[in-house]
Amino acid sequence: MKPAVILVGADKGGVGKTTVARALADYLTGKNIMTRAFDTESPRGTLKRFHGDMTEIVDIDSTSDQMKILDTLNTAQVKVSIIDTRAGALARTLRALRDVGFFDAVREGHFTFILFHVLGPSIASLDEISETAPFVANAHYFLVKNHVNDSTFFEWDPATYQNYFSKTRGAGELTIPKLSEMAYEQVEIAGSPFSQFVGNKTSDGRPAAHSFVLRGYVRTWQGKIAEEFEKIGLLDLISGASQKK
Amino acid sequence: MEQKTRVYICCSPHKRTGATTTARLLTEYLIFNGRSFAGFDTDPHEPDYGARFPQAVTIVDAATIEGQVAMFDRLLVHDETPKIVDVWHRSYSRFVETMSQIGFMDEARRAMVQPIALFHADATSASPAAALALAARWPELGMVIVTNKGAAPLGLDASDILAQYPSSRRFVIGALDASSRACFEAPEFSLSHFLLAPPSDMSIVTRTSLRAWTAQVFTQFQTFELQTSMQGAQFL
């Protein structure tokens with residue numbers, strides 16, 4: 001299996017990038033895929049707060065941190081790396097990856113690159129799709145519709161919807177369903193991964209007393225996200241069993 | 001063998017089938033036998049069941065997460081205290097949907113909690129269809145079909161109608177005469193108090209009628225409890 005980099009990002013803020021990264025980290029951990037994560041929300045990272053054991057905070061603009069991520073892809077025991085980009089840093093991260101030759105290495109088959117582009121309910125967010133296109137020629141590119149915020153992604157306006165989504169030939173789509181606010185906030189307070197909350201454990205692994213109803217909602221939500229990941233064959237993409245078409 | 005904690009779900013997707021009456025009768029049965037219970041009324045607008053037992057019945061809005069937490073989290077506590085839920089017909093779909101979304105039945109099995117749907121029959125074709133859907137979704141959900149002859153009489157075709165339901169277990173709540181019904185429905189009336197000390201100003205006829213009606217219902221509850229306990233007994 002060649003090393004895989006999964007970039008979760010968006011330039012627009014508040015679209016749920018870290019929620020998607022957390023759900024992804026939980027999914028891969030649940031499938032016994034050894035995963036490490038890099039949180040570019042320097043100096044304090046939200047992903048680091050929930051997945052402290054596997055996450056390192058990095059400054060994507062810093063050469064030493066770029067080396068920390070990319071130069072260790074081949075040597076690290078852990079072959080899957082999630083990069084959670086902070087708001088406004090997607091284009092910059094993609095440029096940085098291009099400049100250090102990462103995309104050339106992907107094209108040559110040394111690495112697998114998967115991009116989850118998290119979309120928000122604004123034209124500005126959809127405009128990012130065309131800005132991202134030049135970087136994704138050799139990537140498994142997925143547009144992530146995060147329904148955590150009740151967005152419709154302009155599906156009610158076919159002209160607008162088509163205008164943006166038809167530009168992304170070859171891109172897959174992933175839908176993150178809505179999670180009840182109360183359940184989401186309770187996990188936020190608990191400061192633990194979603195799966196640990198569902199298992200009624202505190203962030204340090206001790207038995208907790210979380211509401212069963214809220215755990216049930218999170219469990220159902222996670223199940224739906226897992227179905228989405230399975231629909232796109234994420235594990236096959238990571239293992240290299242499935243090639244980019 | 002340890003007894004499971006029973007959760008009685010008095011329900012129907014339709015109004016005026018007698019679900020609240022059953023919740024109330026079950027509550028009175030437990031009070032009369034000196035047993036504790038916890039009740040839930042999912043009608044936040046006109047909570048008849050909740051209003052009659054304000055100390056022990058929690059009124060919840062099953063459409064809100066707060067209401068669901070207040071009710072379902074308590075229902076899953078294995079404390080051998082029976083729980084009674086009066087499911088308002090307008091919250092029936094939401095109640096069932098929530099059970100599904102939170103994995104209620106799986107957790108109930110793990111927590112030694114035994115949910116029992118007291119499904120109230122009526123003469124519409126939609127009623128057995130709803131009961132069948134419930135049974136198909138959760139085959140392990142205990143189900144008793146309740147016929148309230150006063151609230152939702154099934155008429156001459158009763159046996160044919162009941163044959164369409166998925167469970168052969170039945171409770172039959174008889175119809176009360178007008179005078180006894182007026183007495184039973186009075187807001188301040190308590191059946192368990194009445195059985196212990198009937199009001200002296202109550203007509204002997206009404207008294208006798210209510211006693212006979214109650215005895216028939218309580219006997220069914222007692223028989224059901226015994227049967228359920230025996231089914232769970234290790235030594236049988």
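To find a chain, count down the sequence lines: A is the first, B the second, and so on, and within it residues start at 1.
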Contacts with chain A made by residues 70-77 of chain B (heavy-atom distance under 4.5 Å), listed by residue number | B/Phe72, B/Asp73, B/Leu76
Check the surroundings of atom CG in A/Asp204: do more than 12 heavy atoms from other residues, nucleotides or ligands lie under 6.0 Å from it?
-> yes
So which residues of residues 31-66 of chain B are in contact with chain A at a heavy-atom cut-off of under 4.5 Å?
-> B/Ile65, B/Glu66
Residue by residue, which of residues 89-100 of chain B have a heavy atom closer than 4.5 Å to a heavy atom belonging to chain A?
-> B/Arg94, B/Thr98
Flag if over 12 foreign heavy atoms under 6.0 Å of CZ, B/Arg170 = yes
Would you please go through residues 118-149 of chain B and name the residues with a non-hydrogen atom below 4.5 Å from one of chain A, in numerical order?
-> none
Between the CD atom in B/Glu107 and the CZ atom in A/Arg219, the distance rounded to the nearest 0.5 Å is 6.0 Å
Under 4.5 Å from a heavy atom of chain B, the part of A/Ser180 involved = side chain
